[in-house]
A.B. asks: 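Please see the structure below; I have some questions.
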Amino acid sequence: MSRTRELPRAYVPADFEGAIYERWLEADVFAPDGKGSRADDTKPPFVIIQPPPNITGALHLGHALTSTLEDLMIRHARMTGRPTLWLPGLDHASIAAQYVLDRIIAAEGETREGLGREGYLERMWQFINTTREVMLGQQRRMGASLDWTRLRFTMDEGSSRAVRTAFARLYREDLAYRTETLVNWCPGCRTSVSDLEVLPTEERGTLWTIRYHLIDPRSGEPRTDAWLSVATTRPETILGDTAVAVHPSDARYAALVGRTVRIPFVERDVPIIADDSVDPAFGTGAVKVTPAHDKTDHETGKRHDLPMLTVLADDATINEIGVGYAGLDRYAARAAIVRDLDARGDLESERPHEMLIGRCQRSNDVIEPRLKTQWFVRTAPLAAAALAATRDGRTSVVPPRFEKVWEHWMTSIHDWNVSRQLWWGHRIPAWYCPDGHVTVSELEGGPATCAGCERPASELTQDPDIFDTWFSSGLWPFSTLGWPDATEDLRRYYPGTVLETGYDIIFFWVARMMMLGIHLTGDIPFRTVYLHGLVKDPLGKRMSKTKGNVVDPLEAIAESGADALRFALVHGTSPGNDQKFRSERLDDGRNFANKLWNATRFVLGARPATVPVEAVRLSPDPLHSGPAERWIQSRVAAAIEAVDHGMAELQFAEVTRTLYEAIWSEFCDWGLELAKVRLADSSLSQAEREATWWTLVEALDRYLRLLHPVMPFVTEELWASLPHAPQDPEHLIVAAWPARGQRDEGVETEVAGIIDLVRALRNARAEAGIEAAAWLPVDVVVPAARMATFSSMGRAVERLARARPLTHHANRDGAASGAGLEVVAGELEARITTIGDATLPERERGRLEKELAEATTLLAAARDRLANESFLARAPSAVVAGAREREAELAEMVHRLRARLGA
RNA sequence: GGGCGGUUAGCUCAGUUGGUUAGAGCACAUGCUUGACAUGCAUGAGGCCACUGGUUCGAGUCCAGUACCGCCCACCA
């Protein structure tokens, strides 16, 4: 059966991309167990784990890159016959989603509190039901061949059950615990966030030096004439100070340790303590200690058993402890306190100060460290197991350099604050009884009774908090396969083959999946971590809506096609490295698709009349093939080798470069041009012309297969128009990946010689300013060893170099001499014998002189090298032999050029 | 304060275990209505491979250092 048909004249992606995706869906080829799948179940499955995109966001180029790379891998694996699983999904993105929805309802005049928890969640489900289709539609438009039968969401029941089970297990194993400690508090989001969600930003603040008056031990009252100066960037925190610390070996303050100072406004007397954490060289060398609002101070406080006074409310206003400042916003309080300190003469100095301020990744609010009772996951043992997996190679990271940051992070990891004071997400499955007992249960309806005192469920209260969104993401590789049940999918598709994602979420996501996956399932979640870089704007800046430098993938697709976008993204990527994306890249991709389109049109149109339209694919007959046909076959084999290598090494840009070069510069520029000559040569037999045509068909077929993972639409469309072999499937997407063919080094060298000759002749003509269309007589000296190829390809040389008549001689004795243009191309040398003018034009003389100068320099360098005893003694013999050959070649060239110029 | 990456043509990037003359695309110049393609064809110009030393017969490639750019990590108030 053949689907040979006429292709439209112009390549217009919009005309067919959508329809092709529908065809794939209909053929049911995406799922490993789909009815159109041609997977060989005896082969190991190939499983890609994709980062489920946030349900709120629109697809940006980063998603497009992710989709493209993953689709490329899955399509390649599918064509090699492996069962493939690429599971689609969406992440509920708790804090990010709330942030977005809060703004939406704010625009409607609503608030989170106004809607209430139930109402708010209802509104959230409504919201994501509209965004989810957009997100999924965008992936389909990219051509992503995801197994839609397994679509999952991190808030679906399977995920919920996995979350509850995982947490209950961690709790039972003492790997999850609840405690009051210092956390990162975002006053805007009204929740704690993990260390990773705090972005240190460089800002110019103020360093104030203030005086704490020493208490007179006799009177118990502060002395007006004796004080200790401390420096602070956050004067409002003095309200919570419970000590002043100095370095133990600081002689200036040694006598003061153990004495007491009075904190202004709150009129609290606090001790002066000695602690190693103090840097005597900074500020005054004395530090105010606020254990409830500073990380270092918190540690100091614990060491010295200091009271920890929380002075901030959840909204970052000063609470009742702050007496006269209570109710003021933190910054208003700061200003007021500075003013009041100054008024009472206790503000010693103030100066600008560059510092790092932690801001919320989501809302950009300044994070306040503060005490909260929160759930934590004990990470040390989990991290040790994750680290062991990368160290012993069970999981490898591409590019390997990321293993270093991985090591560092895993070895200096802190416990993970997993509870969030938000509404949208998985509720923490912990219940508390009035007596303070904690019950953690994986049961959907919660525990029946208190674990500590057997009180009934009705007397228990569930923790109002939810999980950090990354907790459920961390279970993704196995929660999506049915865990905690021992499902067939889990047995078959876990661990995954490749986790592909951006390096920016290596800690957020990759690390958590490794830690949780290994612990909960007993096996690594994936064998390879492939990290791609960020897609940036042409100036190397991060794309962001506020900067207005974002490229919308859907617009790019509308303009140039999904294939062009995919090509552009893959062409510019290399593992772990960012790429600057410029829209010219889209043109490259579109032009390439167009080139392929037209090459296919040509091949279809060049079908010899003796081959029926509905012909079944034949292999080119080797007996009737010439050197050009063998050259094409050998170059196709070379391309297969290179693409296989690129795929195996995950060097996908190498794949696109190889194919671009092979299809455009080799197949189209030379393969088709050489074939045109033979197809039109009436002196050849019918069998010979058919062999040429089948060679083109076969080459095209191979190239389309190789390119399909990168540019699935145009290749699918074009492949459908080619004659197929009986064993070929209906769709390219499930066609077999090409097997390596035999290289023919001999024919590659000889045809390269012919190509060089044509190029040299064209060059000489152009340099001499000869009219492009003119036919000029050319005489070529052809060594005996090159004669067969030359005579077989003579007509091609004639046409491509516009050489007519084309004559040849076995040696220079009989060759033409006198005026004309001399051309040297490797072992072939040629002379354009008539150029209309008997004298050598000045331009031509100039060209030859330049060539002579170059050749002379190179010859001198070559001779120097050969005169070097060490080189001869130490370099490998092949290199020396090559140098000798080179020297001889150059000497010959210099000789010929001199003769020519001297004539 | 630690760590990582980058620096190759005007721009964006390749450059495999060190080995002849460092490549591509875009842009540029010149010439082409050559029946697949002007989304094209042909030809060409354009590089002290950031800098300084070292190893080597030989360095864009390996080593050490320097500069600039970018990123990650980090409890100097």
Side-chain angles (χ1 to χ4, degrees), chain A residues 7 9-11 200 207 230-234 237 245 277-279 281-284 286-290 294-300 353 355-356 369 399 401-402 404-405 408-409 412 503-504 506-507 533-534 536 538 540 560 564 571-572 574 576-582 584-585 587-588 590-606 645 649 651 653-654 657 660-661 665 668-669 672-673 676 759 762-767 769 771-773 799-800 802 854-855 857-858 861-862 865 868-876 878-880 882-883 885-887 889-890:
Chain A
L7 287 174
R9 199 179 150 74
Y11 158 76
L207 187 66
V230 299
T232 182
T233 55
R234 294 188 296 158
T237 62
S277 67
V278 179
D279 175 3
F282 186 88
T284 62
V287 175
K288 59 191 268 322
V289 182
T290 323
D294 182 274
K295 243 177 176 177
T296 311
D297 293 0
H298 185 69
E299 294 304 313
T300 308
H353 183 62
M355 56 186 183
L356 289 178
R401 63 182 150 87
F402 279 96
K404 283 183 192 162
V405 296
H408 179 255
W409 196 77
S412 56
Y503 66 72
D504 53 331
I506 184 168
F507 305 133
L534 275 37
K536 300 195 164 169
S560 310
H571 206 61
S574 72
N577 294 323
D578 297 347
Q579 63 171 311
K580 291 177 199 165
F581 188 89
R582 36 186 65 241
E584 288 87 340
R585 274 277 169 74
D587 296 339
D588 292 350
R590 192 217 24 197
N591 294 353
F592 183 42
N594 179 64
K595 187 72 179 175
L596 195 59
W597 182 272
N598 281 295
T600 306
R601 281 184 59 221
F602 167 73
V603 171
L604 294 174
H645 178 263
E649 300 291 314
Q651 298 281 353
E654 183 186 324
R657 276 194 294 275
Y660 189 89
E661 163 84 12
S665 309
C668 292
D669 288 354
L672 295 185
E673 294 307 318
K676 280 177 189 171
R759 282 214 176 104
R762 284 171 173 171
N763 173 348
R765 292 170 55 116
E767 292 286 316
E771 197 193 333
R799 168 162 163 177
L800 299 178
R802 293 190 88 73
E854 272 170 21
T857 313
L858 292 172
R865 192 175 311 120
N868 185 335
E869 293 291 338
S870 303
F871 174 68
L872 298 177
R874 294 173 198 240
V879 171
V880 176
E885 252 174 61
R886 177 74 185 144
E887 190 232 347
E889 215 173 278
L890 286 165

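Because the structure is predicted, anything quoted here is derived from the model rather than measured. Below, each value reflects all heavy atoms present in this structure, side chains not excepted, and no hydrogens, waters or symmetry copies. Below, read A as the first sequence line, B as the second, and so on, with proteins coming before strands; counting in each chain starts at 1.
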A.B. asks: Is there a donor in the side chain of A/R865 and an acceptor in the side chain of A/N868, or the other way round, less than 3.5 Å apart?
C.D. replies: no
A.B. asks: Hey, does A/L356 reach any base, or is it just sugar-phosphate, or nothing, if we go heavy atoms under 4.0 Å?
C.D. replies: base
A.B. asks: Taking only side-chain nitrogens and oxygens of A/K536, does any of them come within less than 4.0 Å of OP1 or OP2 of B/C71?
C.D. replies: no
A.B. asks: Under 4.0 Å, counting only non-hydrogen atoms across every strand here, what does A/E887 touch: a base, just sugar-phosphate, or nothing?
C.D. replies: nothing
A.B. asks: Distance check, C1' atoms only: B/A29 and B/G10, in whole angstrom units.
C.D. replies: 14 Å
A.B. asks: Taking B/A50 as the reference, what is the distance to B/A27 when you measure between their P atoms (whole Å, please)?
C.D. replies: 26 Å
A.B. asks: When the C1' atoms of B/A59 and B/U8 are considered, how many whole Å apart are they?
C.D. replies: 14 Å
A.B. asks: For RNA chain B, just give me the dot-bracket, please: Watson-Crick or G-U, both distances below 3.5 Å, ( ) intra-strand, [ ] crossing earlier pairs, | paired with another strand, . unpaired.
C.D. replies: (((((((..((((.....[...)))).(((((.......))))).....(((((..]....))))))))))))....
A.B. asks: Select from A/A231 and A/V603 the residue whose nearest nucleotide in RNA chain B is closer to the 5' end of that strand.
C.D. replies: A/V603
A.B. asks: What pair of heavy atoms forms the shortest contact from A/K288 to A/R234, and how long is it?
C.D. replies: NZ-O, 4.4 Å
A.B. asks: Base, backbone or nothing for each nucleotide of nucleotides 28-35 of chain B, written B, S, -, heavy atoms under 4.0 angstrom, 5' to 3'?
C.D. replies: --------
A.B. asks: Would the base of B/C37 count as contacting A/K595 through its side chain, where contact means a donor and an acceptor less than 3.5 Å apart?
C.D. replies: yes
A.B. asks: Would you find a donor on one side and an acceptor on the other, under 3.5 Å apart, between the side chain of A/R799 and the backbone of A/K676?
C.D. replies: no
A.B. asks: Please state the P separation for the pair B/G18 and B/G31 - nearest whole angstrom.
C.D. replies: 47 Å
A.B. asks: Using 30° and 60° as the class boundaries, would you call the ring planes of A/H353 and A/F282 parallel, tilted or perpendicular?
C.D. replies: perpendicular
A.B. asks: Using the C1' atom on both, measure B/C32 against B/G6 and round to a whole Å.
C.D. replies: 42 Å
A.B. asks: Quick one: is B/C76 close enough that its OP1 or OP2 comes under 4.0 Å of any side-chain N or O from A/H353?
C.D. replies: no
A.B. asks: If only atom types and distance count, is the side chain of A/R762 paired as donor or acceptor with the main-chain N or O of A/L800 below 3.5 Å?
C.D. replies: yes
A.B. asks: Please classify the nucleic acid contact of A/D294 as base, sugar-phosphate, or nothing, using heavy-atom distances under 4.0 Å.
C.D. replies: nothing
A.B. asks: With heavy atoms under 4.0 Å as the rule, sort A/V287 into base, sugar-phosphate or nothing.
C.D. replies: base
A.B. asks: Could you measure between the two P atoms, the one in B/G58 and the one in B/G65, and give it in whole Å?
C.D. replies: 23 Å
A.B. asks: Categorize A/L872 for me: base, sugar-phosphate, or nothing, with a 4.0 angstrom heavy-atom threshold over every strand shown.
C.D. replies: nothing
A.B. asks: Do nucleotides 11-27 of chain B as a string where each nucleotide becomes B, S or -: B if the base has a protein heavy atom under 4.0 Å, S if just the sugar-phosphate does, - if no protein is that close.
C.D. replies: SSSS----BBB---SS-
A.B. asks: Specify whether A/H571 and A/Y660 have parallel, tilted or perpendicular ring planes, treating 30° as the upper limit for parallel and 60° as the lower limit for perpendicular.
C.D. replies: tilted
A.B. asks: Would you indicate what A/R765 reaches in the nucleic acid, counting non-hydrogen atoms under 4.0 angstrom: base, sugar-phosphate, or nothing?
C.D. replies: nothing
